[in-house]
Undergrad: 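Quick one: the structure is below, questions incoming.
Quantities reported herein were computed from a predicted structural model and do not represent experimental measurements.
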Amino acid sequence: MNNTPIIVVLVLVGSVTFLSAAGAQAPKEPELRMLSGCVTPSATSKKQFTLADAEQGETFRLTGTDVRQFVGKHVQIFGTRPRGLVIKGGLYPSANVAGQAGDMDPAKAAIAAQGGPTANDPKPVLEFKVRSVRLTPGECPK
């Protein structure tokens, strides 16, 4: 009985596994970003803080480094956005209208679509993991 084909197969499988592991790269670090604005206490929790970045037009919930001492001060914050899926908003028009697709009277669909997001709706708050904070000149509303 000749065991040569079995040994060759095992060697090839082992080589492919080793090469795959050697070629695998470590996950990339999230890109370091900078935000600028005023640190404010969160409306939902006394232990959370937010920053509204005027340049990006977004509000961020600050996590990571404690920013309690910077409340009411203008700062530059360096950190990262968490990786993964970020869901903004929801179905538009409503889930009911979207589910009916073409089975709805066009006039009723147009009226239902008018009830979509408005400028008065609050924007979703995005998470930002703080690594460092630096005071900058600027006024914050009281």
Side-chain angles (χ1 to χ4, degrees), residues 3-142:
N3 289 335
T4 306
I6 295 173
I7 294 172
V8 170
V9 169
L10 290 175
V11 170
L12 287 175
V13 169
S15 299
V16 169
T17 304
F18 174 76
L19 291 174
S20 296
Q25 297 178 357
K28 287 176 49 177
E29 282 288 316
E31 183 179 331
L32 192 62
R33 296 176 56 189
M34 191 231 5
L35 302 177
S36 180
C38 297
V39 177
T40 57
S42 172
T44 58
S45 172
K46 292 181 180 181
K47 295 181 181 181
Q48 291 182 354
F49 302 93
T50 60
L51 182 130
D53 189 297
E55 290 179 21
Q56 296 184 22
E58 300 282 353
T59 300
F60 295 90
R61 181 173 51 90
L62 305 175
T63 62
T65 303
D66 187 16
V67 295
R68 184 181 326 267
Q69 66 194 24
F70 299 102
V71 170
K73 297 183 174 130
H74 198 275
V75 295
Q76 279 185 339
I77 295 181
F78 297 90
T80 58
R81 294 276 316 276
R83 293 186 140 211
L85 178 65
V86 177
I87 299 173
K88 291 184 180 182
L91 289 177
Y92 179 76
S94 71
N96 187 28
V97 173
Q100 291 181 25
D103 285 348
M104 191 172 195
D105 177 36
K108 288 182 181 179
I111 292 169
Q114 296 295 323
T118 66
N120 296 332
D121 289 345
K123 287 189 173 182
V125 177
L126 306 171
E127 185 178 335
F128 190 81
K129 187 172 182 179
V130 178
R131 290 204 180 160
S132 66
V133 182
R134 180 173 68 175
L135 286 171
T136 57
E139 295 294 319
C140 292
K142 299 274 175 178

Undergrad: Of all the heavy-atom pairs spanning Thr80 and Arg131, show the shortest one and how long it is.
TA: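 Of all heavy-atom pairs spanning Thr80 and Arg131, the closest is CG2-NH2, 3.9 Å.
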
Undergrad: Restricting to non-hydrogen atoms, name the atom on Cys140 and the atom on Gly72 that form the minimum distance, rounded to 0.1 Å.
TA: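 Closest pair (atom of Cys140, atom of Gly72, distance): CB-O, 3.5 Å.
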
Undergrad: Which residue pairs satisfy the ring pair (Phe, Tyr, Trp, His ring centres under 6.0 Å) criterion with at least one member in residues 37-71, sequence neighbours excluded?
TA: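 Sorted pair list: Phe60-Phe128.
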
Undergrad: List for me each residue that meets side chain to side chain contact (heavy atoms under 4.5 Å, CB included) alongside Ser132, sequence neighbours excluded, and say none if there are none.
TA: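 Partners of Ser132 by the side chain to side chain contact (heavy atoms under 4.5 Å, CB included) criterion, ordered by chain and then number, come out as Phe78.
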
Undergrad: Any chance you could measure Gln76, atom CD, to Asp53, atom CG, to the nearest 0.5 Å?
TA: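 These two atoms lie 10.0 Å from each other.
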
Undergrad: Can you give me the closest heavy-atom contact between Pro41 and Val71, atom names plus distance?
TA: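 It is CD-CG1, 3.8 Å.
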
Undergrad: CG of Leu51 to OG1 of Thr59: how many Å apart, nearest 0.5 Å?
TA: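 Rounded to the nearest 0.5 Å, the CG-OG1 separation comes to 8.5 Å.
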
Undergrad: Name all residues meeting the side chain to side chain donor-acceptor pair (under 3.5 Å) criterion together with Thr136; count only those two or more places apart in sequence or in a different chain, and write none if there are none.
TA: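 Result, side chain to side chain donor-acceptor pair (under 3.5 Å) vs Thr136: His74.
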
Undergrad: For Ser42, give me all partners under side chain to side chain donor-acceptor pair (under 3.5 Å), at least two apart in sequence or on another chain.
TA: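 Expected list: Thr44.
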
Undergrad: Closest approach of Glu58 and Leu126, non-hydrogen atoms and distance?
TA: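 Between these two residues, the closest heavy atoms are OE1-CD1, 3.6 Å.
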
Undergrad: Scan residues 59-71 for pairs that pass salt bridge (Lys or Arg N to Asp or Glu O under 4.0 Å), counting only residues two or more places apart or in two chains.
TA: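 Residue pairs passing salt bridge (Lys or Arg N to Asp or Glu O under 4.0 Å), neighbours aside: Arg61-Glu127, Asp66-Arg68.
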
Undergrad: Let me know which of Val67, Val130, Val133, Thr50 forms a side chain to side chain contact (heavy atoms under 4.5 Å, CB included) with Val39.
TA: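 For Val39, the side chain to side chain contact (heavy atoms under 4.5 Å, CB included) test succeeds with only one of Val67, Val130, Val133, Thr50, which is Val67.
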
